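In what follows, a single structure is set out as structure tokens and then discussed.
Whatever order the structure lists them in is the order used to number ligands and atoms, beginning at 1. Owing to the predicted nature of the structure, the values given are computational and were not obtained by experimental measurement. All values below come from the heavy atoms of this structure, side chains included, with hydrogens, waters and symmetry mates left out.
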Amino acid sequence: EKGGYDHFMLKEIYEQPRAILDTYRGRLRADQGIVKMAGIDEHLEKFMNANRVIIVACGTSWHAGLVAEYIFEDLARIPVEVEYASEFRYRNPVITDKDVLIAISQSGETADTLAAIKLAKDKGAFVFGVCNVVGSSIARETHAGAYTHAGPEIGVASTKAFTTQITVLTLIALKLAKEKGEVSESNFHQFLTELETIPSKVEKALESNPLVEIISDVYKDSTNCLYLGRGYNFPVALEGALKLKEISYIHAEGYPAAEMKHGPIALIDDQMPVFVIATKKGHYEKVVSNIQEIKSRKGKIIAIVTEGDEQVTELADHVIEVPETYESLTPLLTTIPLQLLSYHIAVMRGCNVDQPRNLAKSVTVE
Ligand code: F6R
């Protein structure tokens, strides 16, 4: 059932090229220059007339929501707010019938997310679900939606659900960008073509596994880790830290790289591994200077870089390469080595990777 892998988590990490393909298969027609999504097509005016999009989710799904915020605003020029479902539901939020709420949930059963949906519906918002589990409570409670088609995710730590959520949300953003006239025909076409290269680029990113295992062995006994990223890769830093915390029980924090000097930099010494997402484009030069700041305080730098990188490679203690792609698609690649890293560290520490302590796959109580 684990398909030859030691754990479901590793199997699911390796399923990502396939899962991402399954997510856009039948929806993305690069040759015809169209994105087909029934849930959007049938309610297009709701999205076109929306004052804003509110995304609600928990945990890893909330991180996918943060990536989506960058994509929606950047490509489709629609204002987006991303909320923890648990905070949103109890905050007496301002919601109107001009709002579109997107709920993201792998299981489709998360109690807080479900409650946030009911609240938004009561206030007249249009509610769209991005779920993995077909026929789940959230899928049934929403007005419309799009499934991720990642296949069953058994490991408690979410992996392929995350990358397929980002894929679906990217398709939606692109579709809306096209409808709103925010992208030219040729840019739209190029974007779709690039999206089609992602499964093979994820495959390539997975080839870092032996190197990631070596790096994991170096840092497996750390008691604290920092994860830094900017822009599209800030949420990836949060996600990398969450993965490490939940399965290896090492304290980790994710930060937008520029926030470091507002506090966390005080933590850095020669015992502190700092994982930095430093892909080309996306404020590369600024990340380089953040890396220099860490280095001058003797922090250990493990950087995720674009293939062929030279500048960061010279500064970092270890680099892990991922293929080049559009900046907005980099989270789909930079996430991969961070998933592998948390996996190997957890295995090396003798942790129960697929069923970490105190956690449940479906959080049906608040
Ligand atoms: C982390 C993880 C959790 C879930 C969260 C939301 O690896 O799995 O943080 O992402 O409990 O679950 P869903 O997406 O099922 O609503």
Ion pair present between Arg89 and Glu366, side-chain N to carboxylate O less than 4.0 angstrom?
yes
What I want to know is whether Val156 and ligand 1 share at least one N or O pair that is separated by under 3.5 angstrom.
yes
Can you name the atoms of ligand 1, numbered from 1 with element, that are less than 4.0 Å from a heavy atom of Gly59?
9 (O), 10 (O)
Report yes or no: does Ser61 contribute a side-chain atom to a donor-acceptor pair with the main-chain N or O of Ala57 at less than 3.5 Å?
no
Least distance between heavy atoms, Leu333 atom then Pro323 atom
CD1-O, 3.4 Å
Of Ser136, Cys58, Pro356, the residue with the heavy atom nearest atom 5 (C) of ligand 1 is Cys58
Do Lys281 and Thr330 have a side chain donor and acceptor closer than 3.5 Å?
no
Per-atom contacts of ligand 1 with Ser105, taking only distances under 4.0 Å to non-hydrogen atoms
13 (P), 14 (O), 15 (O), 16 (O)
Short N/O distance, under 3.5 Å, between Thr113 and ligand 1?
no
Ring centres of Tyr255 and Tyr227 under 6.0 Å apart?
no
Which bit of Lys243 gets closer than 4.0 Å to ligand 1, counting heavy atoms only: side chain, backbone, both or neither?
side chain
Atom 7 (O) of ligand 1 sits nearest the protein heavy atom Glu246 OE2, 2.5 Å
Are any of the N/O atoms on Ser61, whether in the backbone or the side chain, positioned under 3.5 angstrom from an N/O atom of ligand 1?
yes
Closest non-hydrogen protein atom to atom 3 (C) of ligand 1, residue and atom name please, with distance?
Thr60 N, 4.1 Å
Could Lys123 and Asp99 be called an ion pair, given the rule that one side-chain N must be under 4.0 Å from one carboxylate O?
no
the protein heavy atom lying closest to atom 11 (O) of ligand 1 turns out to be Val363 CG2, 4.0 Å
Flag Gln165 as yes when one of its N or O atoms lies below 3.5 Å from any N or O atom of ligand 1, and as no otherwise.
no
For Glu69 and Val80, which heavy atoms make the closest approach, and how far apart are they?
OE2-O, 3.2 Å
Using every non-hydrogen atom in the two residues, find where Lys295 and Leu315 come nearest and quote the distance to one decimal.
NZ-O, 3.0 Å
Looking only at heavy atoms, the pair that brings Phe8 and Gly155 closest together is CB-N, 3.9 Å
Mark up the atoms of ligand 1 that fall under 4.0 Å of a heavy atom belonging to Ala157, in ascending order.
7 (O)
Which ligand 1 atoms does Thr110 reach within 4.0 Å, using its non-hydrogen atoms?
12 (O), 13 (P), 15 (O), 16 (O)
